[in-house]
Amino acid sequence: MITRKSKREIEKMQAAGDILVKCHKEIAKLIKPGITTMEINNFTESFLKKHGATPEQKGFNGYPYAICASINDEICHGFPREEKLKDGDIVTIDMVVNLNGGLADSAWTYAVGNVDEKGLRLMDVTKKSMDKGIEQAQAGNRIGDIGHAIQQYAEGEGFSVVRDFTGHGIGPTLHEDPHIPHFGLPNKGLRLKEGMVITIEPMINEGSWHSQMDSNNWTARTIDEGRSAQYEHTIVITKDGPLVLTDQDE
């Protein structure tokens, strides 16, 4: 079932988004060679607790951590671990914040130290892909318009778009209908309506878009060891255009 959120619900989700953005900005200061993703996980849990919030994905379908931390060829749902990040790595930190029942979801890919030119370009194209998808998140447009804009741009830049994981509706639970693919045809799929809240979160790969699952049954990685990047925002469909609840530029 697809729900359209009330003004009060959106205000609660915006409050969660504000805390999530603050947390990501603190994480950005921590990312450097030698830190571990487990340290980032523990920092996030402590930061959210201090702000009266909780990590929504911890315990979701048995997921054990406050964040997902996906390094290099890991596409998504990487487990935080004690392995130190190395100079030249890229790492995606994904989290969902619950503040008094309001949810916000955002992922960000970070450069660790000195990343090569191709890695920086992958990150740049992935972020721009998300932005192009968000531009299409207009009342009256269709879900296919979002995916088409992302796919056209990313593939035009020589990268591939992951098919196996999509954006989604959010609030009051973590994953709701509709699914938001990051590929597709324009003017196809469900029509977007005012009050819907969705995530747009393209995962873009250097090589093949195909994924394989690790033995933990959570972590997806590329089949060819190509790197993957991801950026994600939580967006409200409004009569005045997309409202980004997790905007880091505010």
### Query
Should the ring pair Trp218 and Phe79 be called parallel, tilted or perpendicular, given that the plane angle runs from 0 to 90° and is split at 30 and 60?
tilted

### Message
Please give me the minimum heavy-atom distance between Ala111 and Leu120, naming the atom from each residue.
### Response
CB-CD2, 4.3 Å

### Task
Verify, without hydrogens or angle tests, whether Asp94 (side chain) and Cys68 (backbone) share a donor-acceptor contact under 3.5 angstrom.
no

### Query
Should we count CG of Asn114 as having more than 12 external heavy atoms under 6.0 Å?
no

### Message
I need the minimum non-hydrogen distance between Asp177 and Met1, along with the two atoms involved.
### Response
OD2-N, 3.5 Å

### Query
Around His175, counting heavy atoms of other residues, nucleotides and ligands shown, do more than 12 lie under 6.0 Å from its NE2?
yes

### Query
Given Arg227, which of Thr222, Asn205, Asp116 fulfils the side-chain hydrogen bond (donor to acceptor under 3.5 Å, both in side chains) condition?
Asp116

### Message
Grouping I, L, V, M, F, W and Y whenever their side-chain heavy atoms are under 4.5 Å apart, do Leu99 and Leu103 come out in a common cluster?
### Response
no

### Query
Measuring from His24:NE2 to Ile67:CD1, what's the distance to the nearest 0.5 Å?
9.0 Å

### Message
Between Glu157 and Lys128 (salt bridge meaning N to carboxylate O under 4.0 Å), is one present in this structure?
### Response
no

### Summary
Here the pair of heavy atoms bringing Ala104 nearest to Thr246 is CB-CG2, 4.0 Å

### Message
Strictly below 4.0 Å, N to O, side chains only: are Arg81 and Glu74 in salt-bridge contact?
### Response
yes

### Message
If hydrophobic clusters are built from ILVMFWY residues whose side chains come within less than 4.5 Å, do Leu174 and Ile198 share one?
### Response
no

### Student check: side-chain heavy atoms of Ile90 and Leu122 closer than 4.5 Å
yes

### Message
Using the rule that Ile, Leu, Val, Met, Phe, Trp and Tyr join whenever any side-chain heavy atoms are under 4.5 Å apart, tell me whether Ile93 and Leu30 fall into a single cluster.
### Response
yes

### Task
Answer with yes or no whether the side chains of Thr199 and Asp105 bring together a donor and an acceptor at under 3.5 Å.
no

### Task
Go through the structure and list residues passing side chain to side chain donor-acceptor pair (under 3.5 Å) with Glu82, not counting sequence neighbours.
none

#### Entry: All side chain to side chain donor-acceptor pair (under 3.5 Å) counterparts of Thr109, not counting sequence neighbours
Thr92

### Task
State plainly whether one hydrophobic cluster holds both Ile2 and Leu245, where clusters connect Ile, Leu, Val, Met, Phe, Trp and Tyr through side-chain heavy atoms under 4.5 angstrom apart.
no

#### Entry: Side chain to side chain, Tyr110 and Lys32, heavy atoms closer than 4.5 Å
no

### Candidates Ile170, Val236, Ile237, Ile10 - the one meeting side-chain contact (heavy atoms from CB on, under 4.5 Å) with Lys5
Ile10

### Task
Report the distance from atom OG of Ser106 to atom CE of Met95, rounding to the nearest 0.5 Å.
7.5 Å

### Query
Is Trp108 close to Gln248 at the side-chain level, that is, under 4.5 Å between some pair of heavy atoms?
yes

### Query
Are the side chain of Thr219 and the backbone N or O of His77 linked by a donor-acceptor pair below 3.5 Å?
yes

### Task
Looking only at non-hydrogen atoms, find the nearest pair between Ile235 and Ala137 and report the distance.
CG2-CB, 4.3 Å

#### Entry: salt bridge (charged side-chain N to carboxylate O under 4.0 Å, His left out) evaluation trace for Arg121 with Glu117
CA-CA 6 Å; Arg121 188 164 167 270; Glu117 190 175 332; over 6 Å; no

### Query
Do any pairs count as a side-chain hydrogen bond (donor to acceptor under 3.5 Å, both in side chains) and have a residue in residues 59-73, sequence neighbours left out, and if so which ones?
Asn72-Asp89, Asp73-Arg221

### Query
Between Asn98 and Glu56, is any side-chain donor less than 3.5 angstrom from a side-chain acceptor?
yes

### Message
Evaluate Ser129 against Phe159 for side chain to side chain contact (heavy atoms under 4.5 Å, CB included), listing each step before the verdict.
### Response
CA-CA 11 Å; Ser129 296; Phe159 296 101; over 6 Å; no

### Message
Less than 4.0 angstrom from a charged side-chain N to a carboxylate O is my criterion; do Lys29 and Glu26 meet it?
### Response
yes

### Verify same cluster id: Met38, Leu85 (apolar side-chain graph, 4.5 Å)
no

### Query
What's the spacing between Thr54 OG1 and Glu45 CD if we round to 0.5 Å?
9.5 Å

### Distance (rounded to the nearest 0.5 Å) between His210 NE2 and Arg163 CZ
8.0 Å

### Query
Is any side-chain heavy atom of Gln138 less than 4.5 Å from a side-chain heavy atom of Pro242?
yes

### Query
Does some side-chain heavy atom of Pro55 sit less than 4.5 Å from a side-chain heavy atom of Thr44?
no

### Query
Roughly how far, to the nearest 0.5 Å, is CG of Leu192 from CD1 of Ile180?
6.5 Å

### Task
Flag the pair Trp209 / Met203 as yes when at least one side-chain heavy-atom distance between them is below 4.5 Å, and no otherwise.
no

### Task
Please check if the side chain of Asp145 supplies one atom and the backbone of Asn187 the other of a donor-acceptor pair under 3.5 Å.
yes

### Task
Take Val96 and Thr234 through the side chain to side chain contact (heavy atoms under 4.5 Å, CB included) test and state the conclusion after the steps.
CA-CA 10 Å; Val96 186; Thr234 299; over 6 Å; no

### Query
Roughly how far, to the nearest 0.5 Å, is NZ of Lys22 from NZ of Lys50?
10.5 Å

#### Entry: Contact summary for Ala66 and Asn41, nearest pair of heavy atoms
N-OD1, 2.8 Å

### Query
Do Glu39 and Asn42 touch side chain to side chain, with heavy atoms closer than 4.5 Å?
no

#### Entry: NZ/NE/NH1/NH2 to OD/OE distance under 4.0 Å, Asp131 and Lys127
yes

### Task
Could you tell me which non-hydrogen atom of Met196 sits nearest to which non-hydrogen atom of Leu190, and how far apart they are?
CE-CD2, 4.0 Å

#### Entry: Heavy-atom check, side chain of His182 versus side chain of Met130, under 4.5 Å
no

### Task
Measure from the side-chain N and O atoms of Lys12 to the backbone N and O of Asn100, and report whether any donor-acceptor pair falls under 3.5 Å.
yes

